[in-house]
Every structure is written in C-alpha cells, then in structure tokens.
2 protein chains.
Amino acid sequence: MRPSDIPEIRALRLFKSMSDSAFEALIQAAYLQTFPAQLELIREGDPADFLYVVTEGRVELFARANGREATMGMVHPIGTFILAAVLKDAVYLMSARTCQKSKVLMIPAENVRAAFEADDAFARAIVVELASCYRSVVKEHKDLKLRSSVERLANRLLRYHADQGANGTLELPYDKRTLASLLGMTPENLSRAFNTLKPYGVQVKGTEVTLSDIDGLTTLAKPNILIDDRTS
Amino acid sequence: MRPSDIPEIRALRLFKSMSDSAFEALIQAAYLQTFPAQLELIREGDPADFLYVVTEGRVELFARANGREATMGMVHPIGTFILAAVLKDAVYLMSARTCQKSKVLMIPAENVRAAFEADDAFARAIVVELASCYRSVVKEHKDLKLRSSVERLANRLLRYHADQGANGTLELPYDKRTLASLLGMTPENLSRAFNTLKPYGVQVKGTEVTLSDIDGLTTLAKPNILIDDRTS
DNA sequence: TCGCGCGATTGATAATTATCAAAAGGGGGA
DNA sequence: TCCCCCTTTTGATAATTATCAATCGCGCGA
C-alpha cells in the first residue's frame, strides 16, 4: 500500500488511540486494492470477512429485498463501513459497490476482532464509532418515518448547502437516481419534488443547485437538529 | 431496590462480564423507580442523564417532528435503552414513555461512562450491545424502505407467531394503534391491512390472531433473514 | 460536427397511504 | 346488568407516491 495513505487512516477516530503495535498489525494484515466503478464489493448475507476503509473514490451501501433496491448510505474517504458485522462475526446486512474507481483498504475481520480483544483503546474507539453509526441510522429512520419526500429533499438540500459553505449554491454529491434512492423515493418523484421546491427558490441545473430563498425553504423544511445534524 | 432484581440485571449481556466492583458501583449509584402508565421518562433533545434498564412493565421509544409522532421501538424487561446517547454524552434522539406501570432502573450517565473507562470487559460488552442495536435499526430501516405496509404487517405477524411457539395463533403484544405506528402506518391502514390478509388465513379478534395458511402468508410476506431475524 | 446513448424529465394513470367523519364493538365501572 | 368511554373499524375522499411510457437534453465518441 502507498505509505502516504497510512497517516490518514491512522488519524481516523477509529484508529487514532490504538497502540502503534496493534495498528501495525492491522495494517500489515490488510490489503489495499483499487476497484473500478460499479463493482460489488460485498453482498448482503455473506459472512463478514473484512472491515473496509475507503481511501479514495466513493462507495454506496445498499440493500435488496423482493425485487426492490434501496440505497442505505454513502461512504466517502476516509471512512469505514460494515464494522458492526465484523465485530459480531455475522453476515453483512448491506451490500456495497463502488460508485467510481475507488481505493479500498480491506482489513481481515479476524484481525480486527483480535485487535479489539488485545487493545483496550481500540475497543473504546469502536464504542464511540458504533454509537455514532447507531445514532446516524436512527436519524435516517426518523427522517423516513416523520417526513414527506419533499421535506426530506428540502432538508437534504439545506444540509448540503451548509456543508458546502452556505453561499447560496450547492452541488449535488450524487447523480439524481442515487439521491432519490437515498431519500427513499423514485427518480421521477425526486424530479417532481424539485419542481415543488421551485416556489421556494430552488433552481436545479444538472448537479448545480441554487437556493435563492433560504428562509422560505427553511420554513418549509423545518430542519430538526435531532434528525439533520450530523455532528452529534 | 429489591435485591431479587439484581441477579437478573447482572445477567444481562451488557453487565455479565464486568467486574463485581464496577457492577456494584453502578448499582449503588442507580435509582430504581416505579412509574405509572403513560409517563414520559425522557424527552428527545434533553441531555442524556441516565442509562435506563426496564425491569418490569414496558416502555415505548418514540420520536416527534413537525406535528407527527412515530414509535421507534418497544423495550421489554429486562432491556436497556438510550445507551448510545449516554456513551456519547449527547442528547437523546428519542423520547420514552411507559406503556404500563413499569419499574425502571436509572443509572447516572457519568457512572456508566466511568465504568466504561475503568472496566475493559464492560467496554467490550458495550461494543457487542451497540453493534446489535445498530444492526436492529438497520433492519428496521430496510423493512421500511423495501416493503409495503401489508408486507411489513405480514412479516411482523410471522415473527410474533414464531416467537410465541408457532402453534397457529399469536397474541399481538401491543394495542393496534401502537402496532400501527411501529409498523409505520396509521391505525386505519393497519385495520385495512388486516383485511387484506384475510384471504391469506389471517383472522383477528382483539389482540388474538390465528394464522390458518402459514404457507400462503409466507409466500406473500417473503420473510428475509436479513430483515426479520432478531438474533443475528 | 453529428448522432448515439443514457440519465433526467414530463405526462398520464394507478396504487398506496393518509385524512376526516361516523359507526361499531367491547371492556370496565357504577 | 347497563351504560359510557375509548379503541377499532368502516366509509368516503384526498394526498402522496409509484409505475409505465414517451420525450427531452446533454455529453461523449466516432
């Protein structure tokens, strides 16, 4: 693996506080691989063989049932996924595929569990990480259960807007089909939801969005810190 | 607190492996209280002051936004709730209220965090617990995103049926209004969903349900181990 | 530069789910 | 035992969301 990647991984909340020796052992056992776009990295139902760390590119977590498919989340560099399955030595609940060409570090699950047993600091870091993941899913669940699709979109736009500097414009981080699935709606519905938001100053051109009436949009969206805030 | 409750709490996965001294310290700091039905124990947005353990009765976790309310989960004896917020020293994401007269052990959050720092076995037990909670919410999220309301009901009935001995009958564990909210629908819709399931051998009388065509119902429900199995 | 292909949009319609109102049914207390 | 209250159910209708089909439009490659 490229040595320059290591410090960034080491700096992750998950690995920051663990001992050098334990971290070394993890990295030594790991594989760094580059995958093309649209490659299925893991499939739900398979045993959790690896913990994944995305170092470049983008990975989509999704799930299938009946004939339907739903995007469950997106993983950006530098981020990990599928930690809970690895720790429980269980099967994956979600599938994952690359959205674009991506570089991924794969740490064998048994090494992760060994480090978890051996290194107390790592075990504690995992707790913090898992607690965060848990709260994120709870927020997504509330989003889905308590809001209409237009409200979900409005709040998502406000979130991206804030993330990107709150200067009145934002760029959609994913294509619209993926965004739709992430928001729990069809692409057609997303398109219509954008139209619904036009009177609230939302202009879309490709992946560029301009917000000319933040107050109006906010009134409609009624953002809620207990759903939309990603930091707590 | 009643001494006879202690062994059961001690036997919880969360507390089983921790040291006697750390467990003692937790219990000593804790309050055991009995609450009447329909009492709001915690409110989302409030700082997490206590970890809760339900020892008798039943507690509903729910969330509010806009004017809507959704049941997020039910906690039965002996079960804990709101662990992630306590560990992160964050605000609660969910509210909780008693469904019936309930006995609840309240462990001050700072004691939990102290035990987490001091006791490695406890820290590891927390990891397992959190990983399980996380996977449960992911499953609920998949349930909501990938299934229609009738499918959700059908699968829920099959689950209760299996839990209760799979003898062709089951008892709904909650009133229908609560069940509806748990399944992400209105009470009216739940009533109609039961009617939709009549041709599949589902007979409802109050909280008693008989299933006379398990195969047919299963064909409709298409249960999925990655959504419906509570043990993995 | 010119199509070609694919994602996105629009239109028409259907299915699902929610809302509002009213009636029915059942259990507990007087 | 009867009545009242509250949950549930039913009915009518509206809103939301999905589906299917067709068109649009933009970027890429020949």
Side-chain angles (χ1 to χ4, degrees), chain A residues 37-38 58 60 64-71 97 99-101 143-157 171-198 202-209 220-222, chain B residues 36-38 60 64-71 99-101 143-157 171-199 202-209 220-222:
Chain A
Q38 298 306 320
R58 185 159 302 169
E60 176 187 2
R64 274 192 268 250
N66 302 350
R68 284 155 274 192
E69 183 180 306
T71 301
R97 71 182 150 224
C99 298
Q100 34 185 268
K101 190 180 169 195
D143 192 45
L144 200 59
K145 256 189 153 171
L146 291 165
R147 285 173 170 162
S148 71
S149 60
V150 171
E151 291 171 327
R152 292 199 296 277
L153 174 59
N155 281 292
R156 187 64 65 128
L157 292 178
E171 177 159 7
L172 299 177
Y174 322 112
D175 63 52
K176 293 198 180 117
R177 175 211 299 268
T178 305
L179 181 62
S181 184
L182 196 58
L183 291 172
M185 54 178 123
T186 59
E188 295 95 327
N189 228 330
L190 175 64
S191 185
R192 292 185 172 109
F194 271 122
N195 280 330
T196 305
L197 292 181
K198 248 180 206 154
V202 176
Q203 293 255 322
V204 195
K205 183 143 187 69
T207 62
E208 299 297 324
V209 180
L220 173 86
K222 295 182 218 49
Chain B
Q38 297 307 321
E60 176 186 1
R64 274 191 268 250
N66 303 349
R68 284 157 274 195
E69 183 179 305
T71 301
C99 298
Q100 34 185 267
K101 189 181 171 196
D143 193 45
L144 200 58
K145 256 190 154 172
L146 291 165
R147 285 174 170 161
S148 70
S149 61
V150 171
E151 290 172 327
R152 293 199 296 277
L153 174 59
N155 281 292
R156 187 64 65 128
L157 292 179
E171 177 159 8
L172 299 177
Y174 322 113
D175 63 53
K176 295 202 179 110
R177 175 212 299 269
T178 305
L179 181 62
S181 183
L182 196 58
L183 291 172
M185 55 178 123
T186 58
E188 294 96 326
N189 228 330
L190 175 64
S191 183
R192 292 184 173 109
F194 272 122
N195 279 330
T196 305
L197 292 180
K198 249 182 205 151
V202 176
Q203 293 255 324
V204 196
K205 182 142 186 72
T207 61
E208 298 297 324
V209 180
L220 173 87
K222 293 183 218 48

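Numbered from 1 within each chain, the chains take letters A, B, ... in sequence-line order. Quantities reported herein were computed from a predicted structural model and do not represent experimental measurements.
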Engineer: Once you round it to whole Å, what is the distance between P of D/dT9 and CG of B/Asp175?
Structural biologist: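 It works out to 11 Å between those atoms.
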Engineer: Quick one: B/Leu153 CG to C/dT17 P, roughly how many Å, whole number?
Structural biologist: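 The distance from CG of B/Leu153 to P of C/dT17 comes to 11 Å, rounded to the nearest Å.
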Engineer: Surrounding NZ of A/Lys101 (heavy atoms of other residues, nucleotides or ligands, distance under 6.0 Å), is the total greater than 12?
Structural biologist: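 Not buried by this count: 12 neighbours or fewer within 6.0 Å.
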Engineer: Can you give me every donor-acceptor pair (side chain of residues 187-199 of chain B, partner residue at least two apart or in another chain, under 3.5 Å) with its distance?
Structural biologist:
residue: B/Asn195; atom: OD1; partner: B/Lys198; partner atom: NZ; Å: 3.1
residue: B/Thr196; atom: OG1; partner: B/Arg192; partner atom: O; Å: 2.9

Engineer: Sequence neighbours left out, what pairs pass salt bridge (Lys or Arg N to Asp or Glu O under 4.0 Å) with at least one residue falling in residues 145-157 of chain B?
Structural biologist: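 Of all non-adjacent pairs touching residues 145-157 of chain B, those that pass salt bridge (Lys or Arg N to Asp or Glu O under 4.0 Å) are A/Arg68-B/Glu151, B/Asp143-B/Arg147, B/Arg147-B/Asp228.
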Engineer: Rounded to the Å, how far apart are B/Asn66 CG and C/dT19 P?
Structural biologist: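 From B/Asn66 CG to C/dT19 P: 12 Å.
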Engineer: Test of understanding: with side chain to side chain donor-acceptor pair (under 3.5 Å), list the residues that count as partners of B/Lys205, not counting sequence neighbours.
Structural biologist: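 By the side chain to side chain donor-acceptor pair (under 3.5 Å) rule, B/Lys205 matches no residue at all.
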Engineer: With sequence neighbours left out, write down each residue that passes side chain to side chain donor-acceptor pair (under 3.5 Å) with B/Ser149, or none if nothing qualifies.
Structural biologist: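 Side chain to side chain donor-acceptor pair (under 3.5 Å) list for B/Ser149, sorted by chain: empty.
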Engineer: Using the C1' atoms of five pairs at each end, what's the angle between the two axes of the helix from C/dT1-D/dA30 to C/dA30-D/dT1, to 10 degrees?
Structural biologist: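 Comparing the first five pairs with the last five, the axes sit 30° apart.
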Engineer: Base, sugar-phosphate, or nothing for A/Ser149, non-hydrogen atoms under 4.0 angstrom?
Structural biologist: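 Sugar-phosphate contact only - A/Ser149 comes under 4.0 Å of backbone atoms but never of a base.
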Engineer: C/dA18 phosphate, OP1 or OP2: any side-chain N/O from B/Thr186 under 4.0 angstrom?
Structural biologist: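 Answer yes for this pair, as a side-chain N or O of B/Thr186 is under 4.0 Å from OP1 or OP2.
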Engineer: Calculate the interatomic distance between A/Arg68 atom CZ and D/dT17 atom C1'; express it in whole Å.
Structural biologist: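 Atom CZ in A/Arg68 sits about 13 Å away from atom C1' in D/dT17.
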Engineer: Partners of A/Glu69 by salt bridge (Lys or Arg N to Asp or Glu O under 4.0 Å), sequence neighbours excluded?
Structural biologist: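 For A/Glu69 the salt bridge (Lys or Arg N to Asp or Glu O under 4.0 Å) partners, ignoring immediate neighbours, are A/Arg64, A/Arg97.
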Engineer: Report the residues that fulfil salt bridge (Lys or Arg N to Asp or Glu O under 4.0 Å) with A/Arg58, sequence neighbours left out, ordered by chain and then residue number.
Structural biologist: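 Partners of A/Arg58 under the salt bridge (Lys or Arg N to Asp or Glu O under 4.0 Å) test: none.
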Engineer: Could you state the NZ-P distance from A/Lys145 to D/dT16, rounded to the nearest angstrom?
Structural biologist: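 Checked: the NZ to P distance equals 20 Å.
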Engineer: In whole Å, I'd like the distance from the CG atom of B/Leu172 to the P atom of D/dT7.
Structural biologist: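 Going from B/Leu172 (CG) to D/dT7 (P), I get 16 Å.
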Engineer: To the closest 0.5 Å, what do you measure between CG (B/Leu172) and CG (B/Leu157)?
Structural biologist: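 Answer rounded to 0.5 Å: 6.5 Å.
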Engineer: Rounded to whole Å, please give me the gap between CZ in A/Arg177 and C1' in C/dG5.
Structural biologist: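 Whole-Å distance recorded here is 13 Å.
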Engineer: Mind checking what makes side chain to side chain donor-acceptor pair (under 3.5 Å) contact with A/Thr207, not counting sequence neighbours?
Structural biologist: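 If we apply the side chain to side chain donor-acceptor pair (under 3.5 Å) test to A/Thr207, skipping adjacent residues, the hits are A/Glu171.
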Engineer: Output the rounded distance in Å from CD (A/Glu151) to C1' (D/dT16).
Structural biologist: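 Spelled out: CD on A/Glu151 to C1' on D/dT16 is 12 Å.
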Engineer: Might you list the N or O atoms of the protein lying below 3.5 Å from N or O atoms in nucleotides 9-13 of chain C, with each pair's distance?
Structural biologist:
residue: C/dT9; atom: OP1; partner: A/Lys176; partner atom: NZ; Å: 3.1
residue: C/dT9; atom: O5'; partner: A/Ser191; partner atom: OG; Å: 3.3
residue: C/dT10; atom: OP2; partner: A/Asn195; partner atom: ND2; Å: 2.9
residue: C/dG11; atom: N7; partner: A/Arg192; partner atom: NH2; Å: 2.3
residue: C/dG11; atom: O6; partner: A/Arg192; partner atom: NH2; Å: 3.2
residue: C/dA12; atom: N6; partner: A/Arg192; partner atom: NH2; Å: 3.3

